[in-house]
Structures are given as structure tokens and as C-alpha cells.
Amino acid sequence: MDYLRKKNLVETLRERIARDDPTFLVCVGLQILSENSEESPGCKGLGVISAVPCVRFPPAVRVPQQAWNVVTADNGCKFLKTGNAYFSNSYCLRSIPLGWRAATSEHGVLFVSALERGKVLATQFHPELSGSYGLALMKSWIISSLGLHVPPTPSPFYANAEAVKRQRISVGREMLHRVIPCLDVRDGRVVKGVKFSGLQDAGDPVQLALEYERQGADEIVMLDITATNEKRQAAMETVSALSACLSIPLTVGGGVRSLEDAKTLLQAGADKVAINTAAVRHPELLKELSTYCGSNCVVIAIDAVQIWSEPPEWEVVISAGKEKTGIDVVEWARTAVQMGAGEILLTSFDRDGTKSGYDLKLLQAVSSAVNVPVIASGGASSAEHMVDALKAGADAVLAASIFHYGEMSVEELKRILGKSVPVRIPVSYEDARDPWSPKREHQTTQCVIPSIDLINGHAVQLVGGDPEKLKIDAGDPTPIAHRFRLAGEIAVI
């Protein structure tokens with residue numbers, strides 16, 4: 001709100017919403033509609049919604065909510081449909097304001113996940129990170145509110161809405177557990193080894209990430225595994241290419257040593273930043289990061305080795321496992337959360353790449369000590385390993401080898417997991433449908449078709465169409481084409 005006031009946009013926004021001009025507000029955008037919030041006492045919001053304050057989730061659940069959740073829309077909603085969307089929030093509206101249609105979700109309590117009135121749409125979730133569900137919602141709003149025609153996207157959206165509603169009933173107040181493929185990247189290629197050594201090539205990061213999203217992955221983690229030891233930032237070109245193609249969250253780690261490093265990653269397209277070695281050496285960096293971008297964007301990556309004692313204890317290792325610290329893992333997890341970390345990526349260094357299963361005692365110890373989401377990492381080779389980790393207290397499971405080498409697809413895995421724990425329903429091409437697309441018969445429509453100009457395989461922009469007057473060389477056209485996919489059709493010249 002301070003930024004909006006500084007830019008003299010507060011009254012402009014109020015007037016725009018009052019006139020029912022097409023307006024789309026996301027995440028905090030929904031919250032600022034309220035008059036006040038527990039997150040910033042004394043700071044006035046837009047006041048479009050009165051008598052409905054924005055409040056923090058109860059302490060009994062993980063905060064922030066970093067998860068996919070079931071969104072259930074009112075029958076009278078024009079834009080909103082029932083489906084699964086990605087949330088990253090600590091505060092919410094607990095009741096539906098008068099005069100608005102709404103969708104609701106549960107995270108310990110029932111809360112408002114989206115509001116619509118006329119041409120105004122506000123979502124607590126991130127549609128841009130909610131896969132085909134989010135893309136379809138944005139298409140629906142564009143078509144209806146702006147009077148444009150956007151051709152149907154060829155990809156599926158979600159399975160039958162009744163199945164999603166049944167899923168919400170079965171999930172109750174549990175969140176949907178995430179399945180996260182991990183891309184360990186070195187020199188622009190995905191690699192995989194055992195305990196961070198003996199690395200072997202596993203493929204192109206963009207191609208793998210796109211395939212995993214298609215299969216139903218809930219998030220992608222990219223770790224530049226040599227950046228810290230080489231004292232450099234993560235590969236920005238790879239981060240930008242991944243961000244341009246994905247419509248699910250992207251977490252990036254490796255070589256983050258300062259607030260400026262984190263800013264660069266976020267500006268390149270990362271949704272969250274993972275930090276490990278630098279945070280151990282300078283814990284105050286976590287506070288700087290959370291102050292700048294919010295705790296929901298800060299992931300503390302903890303690599304743990306077991307100290308053979310009874311009961312078991314674990315020590316933090318840094319610099320890709322090359323340096324022991326003498327710091328207790330559980331105590332460090334507590335400290336990191338107090339300093340501002342909103343999520344923990346917990347890797348058993350002893351199990352990494354061994355396919356022997358996650359360290360369940362480690363997961364139990366850390367997840368019971370903190371109130372933020374915990375991602376289990378290191379050792380998975382089967383659905384049973386992942387079920388065990390989730391039942392041990394993990395909120396999400398991360399794996400690499402099982403996916404990279406074709407042992408099991410994300411979709412196959414989630415269909416097995418779904419029999420034991422709540423997960424987002426994978427979408428199959430056979431039974432998916434686009435619930436937003438109206439039926440059109442013998443109808444002529446006008447549409448906008450984006451164009452990509454190519455010279456020698458590179459996407460380019462020319463001055464006056466003259467090949468001798470090159471203005472921009474954008475390189476690989478594939479990420480650009482994926483960015484344009486919302487249009488439904490692309491011209492390549």
C-alpha cells in the first residue's frame with residue numbers, strides 16, 4: 001500500500017473497481033481490497049471490502065501455506081471454476097463480503113480463495129503458477145472482460161469438476177502434498193550422482209521441466225550444484241528459460257550469497273530462492289531476504305549427515321557436503337525459521353542418490369520442531385518411500401533419479417500416492433476438458449496471433465524488416481513460443 005500511495009495509484013484503483021473496469025488482482029492484490037490486515041497493523045487497505053479483515057492462519061497449520069489446494073467455486077461464479085490452484089500465503093479473508101461471488105478453500109479453516117464481481121477478479125492463489133487451471137482462468141477473464149477472443153489452448157485443464165469436489169471432501173483440512181522433481185544443473189545440463197559426486201548427464205533442464213509439468217509435477221526445484229564452490233551465481237540463462245516455459249512454481253538455489261544475488265534470481269523468473277551455505281555463515285541474510293520478498297519466497301536448504309548416536313542426531317554440512325559445521329540440524333531449522341525462512345528443503349546427505357529411501361527419523365525430528373512446510377529430499381526410489389516420508393511429517397517430496405531415468409513418471413507416481421495420501425489429481429489427455437470454453441458452431445472470430453521471426457535458428461527483432469538491421473537477438477525461440485502459448489496459435493517467419 002505504501003508503494004501504491006507513493007505512485008498515487010490508490011484512488012485510481014478504487015475508482016477503477018467502482019466503475020467495474022476489467023481488473024485482475026493476485027495474492028496480496030485480493031488482501032488489499034480489505035480495509036485492514038493483521039499483517040500490517042495500522043496500514044489501511046483500499047477499503048473496497050469493509051468489515052472483513054485479513055487475518056493470519058491459525059497456529060495449528062503450516063504457515064505460510066506453500067501448497068496446491070482445492071478451490072471450490074460458487075455455482076453463480078462467472079469466471080471461477082472448481083479445481084486445484086497453487087497458494088503461497090500466511091494471511092487470508094475468513095468470510096465472503098456482501099455483493100461478491102466467491103471460491104473457498106481450506107487450510108485449518110475455511111477461507112476465501114477468490115472473489116469476483118462484474119469484471120473484477122481477485123485470487124488469493126497464483127493463477128500464473130497454477131498450471132493449466134490458472135491459464136484457463138486467465139483466458140476466461142480475458143475473453144469475457146476485455147471482449148477478446150483467445151483460442152482454446154490445446155493442453156488439458158483439469159479432470160471432471162465433480163472428481164475435484166470429491167477430492168476436497170476426502171482431503172478435509174489436510175493440504176495437498178506436492179511432488180517436486182529436482183534439476184541438479186551443471187554447465188547448463190541436468191546431472192545426477194550419489195552424495196553430490198560421480199555426476200552423470202541426465203538431459204536438458206527446459207525439456208525435462210516441461211515434461212514433468214505435463215505429467216503433473218506440482219513444482220520444479222533447480223539447484224546449480226557447483227555455483228557455491230565456484231563462488232558464482234546460478235546460471236541466469238537457465239533460470240530465465242525455465243521461467244518462460246513453466247506455469248508452476250520454480251525454486252532456484254545455488255550460489256546465493258547476498259540479497260542482490262536473490263534479487264537477480266527473482267528478477268530472472270524464480271518464484272522462490274533456496275539458500276544454504278551463505279545462511280549458515282550469515283544467518284542475518286535470511287532476515288534480509290524475508291524482509292525484501294516475504295518469507296514465502298525464502299527456502300532454507302539444509303543438508304544433513306547423521307551422527308551415530310542414540311537417539312540419533314544430525315549435523316549440518318555445507319559447500320555441497322564438503323564442510324562440516326558442528327551445528328545441530330534441528331536447532332538450525334528452528335533458528336532459520338525464526339530468522340525468516342518460510343520453507344525447509346531437507347536433504348539427507350547420507351541417502352542422496354542411494355535410492356534407499358528418505359531418512360524418516362530426520363524428517364520426524366525437523367517437521368515436529370517447526371511450523372513451516374518441510375520438503376523431503378535424498379534417497380527416494382519408489383512411491384512407498386514417498387508415502388512413508390509424507391506420513392513421517394513431510395509436506396512435499398522431492399526426487400530426481402526416479403524421474404530423470406524414466407523409472408516412473410510423475411503421473412504414475414501420483415496415482416499411486418493418491419491411494420494413501422492427498423495429492424493434486426493428475427490430468428490425463430483422455431478425460432480432461434476445458435470447462436471455460438464455450439461451444440462455437442459456424443462462428444467466425446477475430447484473434448491476435450503472435451509472431452516469431454527467425455534468422456539462423458534465433459528469434460530476432462529487426463528494424464523495418466531489414467535483416468541487416470538487427471535490433472534484438474533473443475536466442476532460442478522455444479521459451480518464447482511457450483510464453484505465447486496462451487494465444488493458441490503462433491506464426492513463425
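Here the structure is a predicted model, which is why all the values come from computation and not from measurement.
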Polar side chain donor-acceptor pair, [X] to [Y], under 3.5 angstrom:
{"X": "Asp350", "Y": "Gln306", "value": "no"}
{"X": "Ser295", "Y": "Ser290", "value": "no"}
{"X": "Gln124", "Y": "Ser113", "value": "no"}
{"X": "Glu211", "Y": "Gln215", "value": "yes"}
{"X": "Asn276", "Y": "Asp303", "value": "yes"}

Test your reading of the model: is there a side-chain donor-acceptor pair from [X] to the backbone of [Y], 3.5 Å cut-off?
{"X": "Ser140", "Y": "Ala136", "result": "no"}
{"X": "His385", "Y": "Ser381", "result": "yes"}
{"X": "Ser368", "Y": "Ala365", "result": "yes"}
{"X": "Thr277", "Y": "Ser319", "result": "yes"}
{"X": "Ser130", "Y": "Tyr133", "result": "no"}
{"X": "Asp352", "Y": "Gly379", "result": "no"}
{"X": "Glu116", "Y": "Phe79", "result": "yes"}
{"X": "Thr251", "Y": "Val221", "result": "no"}
{"X": "Asp74", "Y": "Ala102", "result": "yes"}
{"X": "Arg351", "Y": "Gly357", "result": "yes"}

Please report the closest heavy-atom contact between [X] and [Y], naming both atoms and the distance.
{"X": "Gly342", "Y": "Pro64", "answer": "O-CD, 3.5 Å"}
{"X": "Ala270", "Y": "Val252", "answer": "CB-CG2, 3.7 Å"}
{"X": "Ala392", "Y": "Gln364", "answer": "O-CG, 3.3 Å"}
{"X": "Met1", "Y": "Gly45", "answer": "CE-C, 3.8 Å"}
{"X": "Ala396", "Y": "Leu390", "answer": "N-CD2, 3.9 Å"}
{"X": "Val410", "Y": "Pro181", "answer": "CG2-CG, 4.2 Å"}

Run the salt-bridge test on [X] and [Y] with the 4.0 Å N-O cut-off and return the result as yes or no.
{"X": "Glu219", "Y": "Arg178", "result": "yes"}
{"X": "Glu407", "Y": "Lys355", "result": "yes"}
{"X": "Lys263", "Y": "Glu260", "result": "yes"}
{"X": "Lys272", "Y": "Glu343", "result": "yes"}
{"X": "Arg62", "Y": "Asp395", "result": "yes"}

From [atom1] ([X]) to [atom2] ([Y]), nearest 0.5 Å:
{"X": "Ile32", "Y": "Leu25", "atom1": "CD1", "atom2": "CG", "answer": "6.0 Å"}
{"X": "Leu246", "Y": "Glu213", "atom1": "CG", "atom2": "CD", "answer": "5.5 Å"}
{"X": "Leu30", "Y": "Leu115", "atom1": "CG", "atom2": "CG", "answer": "5.0 Å"}
{"X": "His177", "Y": "Lys414", "atom1": "NE2", "atom2": "NZ", "answer": "12.0 Å"}
{"X": "Phe403", "Y": "Leu183", "atom1": "CZ", "atom2": "CG", "answer": "11.0 Å"}

Does some side-chain heavy atom of [Y] sit less than 4.5 Å from a side-chain heavy atom of [X]?
{"X": "Arg56", "Y": "Val63", "value": "yes"}
{"X": "Thr72", "Y": "Ser105", "value": "no"}
{"X": "Leu417", "Y": "Val387", "value": "yes"}
{"X": "Ile302", "Y": "Trp332", "value": "yes"}
{"X": "Val71", "Y": "Lys81", "value": "no"}
{"X": "Thr123", "Y": "Val26", "value": "yes"}
{"X": "Leu413", "Y": "Met386", "value": "yes"}
{"X": "Tyr212", "Y": "Ile248", "value": "no"}

Can you spot which of [options] makes a side chain to side chain contact (heavy atoms under 4.5 Å, CB included) with [X]?
{"X": "Leu93", "options": "Ile49, Val55, Thr104", "answer": "Ile49"}
{"X": "Leu250", "options": "Leu242, Leu129, Leu265", "answer": "Leu242"}
{"X": "Leu176", "options": "Val421, Val70, Val423", "answer": "Val70"}

Verdict with supporting geometry, Cys297 and Asp271, side-chain contact (heavy atoms from CB on, under 4.5 Å): CA-CA 7 Å; Cys297 294; Asp271 300 295; over 6 Å; no

Can you classify the ring geometry of Phe24 versus Trp141 as parallel (below 30°), tilted (30 to 60°) or perpendicular (above 60°)? perpendicular

Return the orientation label for the Phe111 and Phe87 ring planes: parallel under 30°, perpendicular over 60°, tilted otherwise. perpendicular

Please assess Leu286 against Gln338 for the test side-chain contact (heavy atoms from CB on, under 4.5 Å), listing each intermediate value before the final yes or no. CA-CA 9 Å; Leu286 291 170; Gln338 291 169 359; over 6 Å; no

Between Thr291 and Leu259, does the side-chain contact (heavy atoms from CB on, under 4.5 Å) criterion hold? Intermediate values first, please. CA-CA 10 Å; Thr291 299; Leu259 176 58; over 6 Å; no

Salt bridge (charged side-chain N to carboxylate O under 4.0 Å, His left out) between Glu284 and Lys287, worked out: CA-CA 5 Å; Glu284 66 278 3; Lys287 185 170 291 186; over 6 Å; no

Run the numbers on Asp359 and Trp314 for side chain to side chain donor-acceptor pair (under 3.5 Å), then give the verdict. CA-CA 11 Å; Asp359 187 333; Trp314 298 267; 3.1 Å; yes

Test Glu128 against Ser247 for side chain to side chain donor-acceptor pair (under 3.5 Å), laying out the working first. CA-CA 6 Å; Glu128 80 282 8; Ser247 55; over 6 Å; no

Verdict with supporting geometry, Lys361 and Glu313, salt bridge (charged side-chain N to carboxylate O under 4.0 Å, His left out): CA-CA 9 Å; Lys361 291 183 178 180; Glu313 297 178 351; over 6 Å; no

Apply the test ring pair (Phe, Tyr, Trp, His ring centres under 6.0 Å) to residues His107 and Phe57: give CA-CA distance (whole Å), side-chain angles for both, the deciding distance (0.1 Å), then the verdict. CA-CA 8 Å; His107 186 57; Phe57 282 121; 4.9 Å; yes

Please step through side-chain contact (heavy atoms from CB on, under 4.5 Å) for the pair Val112 and Arg94, ending with a clear verdict. CA-CA 6 Å; Val112 175; Arg94 292 282 305 277; over 6 Å; no

